[in-house]
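To start, the structure itself, in structure tokens.
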Amino acid sequence: MAEPSAADRDPEAVSRFVEHFAAQLVEAGLPRMPARVFAALLSSDTGVMTSAELGERLRISPAAVSGAVRYLAQQHMVSREREPGSRRERYRVRGDQWYEALTNREAVIRRWEDALREGVTSLGPETPAGSRLAETLAFFEFVEKEIEGMMARWRVQREERFGRG
């Protein structure tokens with residue numbers, strides 16, 4: 001059986017998916033409007049939409065789109081690009097956005113590790129607070145190593161499954 005084309009899709013079903021997935025992202029800590037914009041981009045066949053298209057699809061104001069896209073760009077979940085021959089921007093989500101977002105989280109984890117090391121030194125590793133910070137530091141060091149290995153394994157699996165590295 002052939003895959004449904006965009007013309008065959010039920011717009012209400014797509015809208016329900018966008019809102020449901022956005023709600024899951026909100027539960028995970030993403031602000032509501034960026035979650036909705038991200039889900040809308042992710043569910044579009046091209047993965048690219050203008051501010052006007054996002055506003056129309058989600059029934060939100062240009063200011064809401066702007067704020068959401070700013071947040072998503074800072075999190076490396078979407079990229080901005082100019083429409084060829086136009087001053088209008090369009091926003092893109094790629095298949096590897098999760099990889100990029102997680103990779104950029106590694107820098108945040110390293111900054112947390114540096115701050116925690118300083119805290120352990122300041123509080124003393126033998127104090128209850130210093131010991132708690134040392135355990136937290138050890139956790140983030142573990143997570144950082146695991147992320148590196150996981151990302152390497154993902155690159156191999158992605159190449160095997162989707163034919164791109």
Side-chain angles (χ1 to χ4, degrees), residues 1-116 140 143-165:
M1 189 166 144
E3 291 287 320
S5 71
D8 297 332
R9 289 188 192 126
D10 175 5
E12 287 303 314
V14 173
S15 181
R16 280 191 306 274
F17 162 76
V18 167
E19 296 305 326
H20 177 76
F21 188 60
Q24 299 308 307
L25 294 171
V26 169
E27 282 289 316
L30 202 66
R32 183 173 178 272
M33 203 54 67
R36 292 183 72 217
V37 167
F38 183 76
L41 282 167
L42 194 61
S43 68
S44 73
D45 282 335
T46 63
V48 177
M49 297 175 83
T50 65
S51 180
E53 290 167 336
L54 284 163
E56 183 179 324
R57 165 111 22 121
L58 299 171
R59 296 182 200 105
I60 59 176
S61 71
V65 171
S66 177
V69 168
R70 185 178 327 104
Y71 178 89
L72 292 168
Q74 289 170 346
Q75 303 304 312
H76 304 279
M77 293 176 74
V78 301
S79 58
R80 297 171 190 243
E81 53 189 47
R82 290 270 182 217
E83 235 177 47
S86 170
R87 291 179 19 174
R88 290 187 344 172
E89 284 189 328
R90 55 189 186 177
Y91 310 105
R92 176 180 300 277
V93 66
R94 299 180 322 272
D96 67 347
Q97 78 279 343
W98 297 112
Y99 177 89
E100 290 297 322
L102 193 53
T103 299
N104 286 296
R105 287 284 184 240
E106 288 181 81
V108 171
I109 291 171
R110 283 191 291 279
R111 288 195 305 269
W112 290 350
E113 289 171 356
D114 292 343
L116 287 163
F140 283 118
V143 166
E144 184 179 9
K145 278 191 178 17
E146 289 298 308
I147 288 173
E148 288 171 14
M150 181 180 65
M151 298 306 252
R153 290 187 304 276
W154 168 246
R155 287 188 298 271
V156 170
Q157 182 173 336
R158 183 178 189 218
E159 174 67 30
E160 290 170 356
R161 187 166 179 185
F162 299 103
R164 54 182 181 230

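Residue numbers start at 1 and run along the sequence shown. Small disclaimer: the values here were computed from a predicted structure and weren't measured.
Note that the CD atom of Gln24 and the CD atom of Glu27 stand 6.5 Å from one another [nearest 0.5 Å]. From Ser51, atom OG reaches atom CE of Met49 across 10.0 Å, with rounding to the nearest 0.5 Å.
Residues satisfying the side chain to side chain contact (heavy atoms under 4.5 Å, CB included) criterion with Thr50, sequence neighbours excluded, are Ala52, Glu53, Glu83, Arg88, Arg90. For Glu56, there are no side-chain hydrogen bond (donor to acceptor under 3.5 Å, both in side chains) partners, not counting sequence neighbours. In this structure Phe38 satisfies the ring pair (Phe, Tyr, Trp, His ring centres under 6.0 Å) test together with Trp98, sequence neighbours excluded. Qualifying side chain to side chain contact (heavy atoms under 4.5 Å, CB included) partners for Arg70, counting only residues two or more places apart in sequence or in other chains: Ser66, Gln74, Arg80. With sequence neighbours excluded, the residues that form a side chain to side chain contact (heavy atoms under 4.5 Å, CB included) with Phe140 are Ile109, Trp112, Glu113, Leu116, Thr136. In this view, Arg32 satisfies the salt bridge (charged side-chain N to carboxylate O under 4.0 Å, His left out) rule with no residue, not counting sequence neighbours. Taking Ala39 as the reference, Val18, Phe21, Ala22 meet the side chain to side chain contact (heavy atoms under 4.5 Å, CB included) condition, with sequence neighbours excluded.
A heavy-atom distance below 4.5 Å is found between the side chains of Met77 and Leu30.
Taking both residues in full, the closest heavy atoms of Leu41 and Val48 are given as CD2-C, 4.2 Å, listed atom of the first, atom of the second, then distance. A pairwise comparison of heavy atoms in Ala64 and Met33 identifies O-CG, 3.8 Å as the closest pair. Minimum heavy-atom separation, Val37 to Leu72: CG1-CD1, 3.8 Å. Between Ala40 and Leu54 the shortest heavy-atom distance is CB-CD2, 4.0 Å.
At most 12 non-hydrogen atoms from other residues, nucleotides or ligands lie less than 6.0 angstrom from CZ of Arg161.
For residues 71-92, no pair satisfies ring-ring contact (aromatic ring centres under 6.0 Å, His included), with sequence neighbours left out. Every pair passing side-chain hydrogen bond (donor to acceptor under 3.5 Å, both in side chains) that includes a residue from residues 11-21 is listed here, sequence neighbours excluded: Glu19-Arg36. Judged as a ring-ring contact (aromatic ring centres under 6.0 Å, His included), not a single pair has a partner in residues 43-62 (not counting sequence neighbours).
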Side chain to side chain contact (heavy atoms under 4.5 Å, CB included) between Glu89 and Glu81, worked out
CA-CA 6 Å; Glu89 284 189 328; Glu81 53 189 47; over 6 Å; no
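The closest donor-acceptor contact from the side chain of Arg153 to the backbone of Gly149 lies under 3.5 Å.
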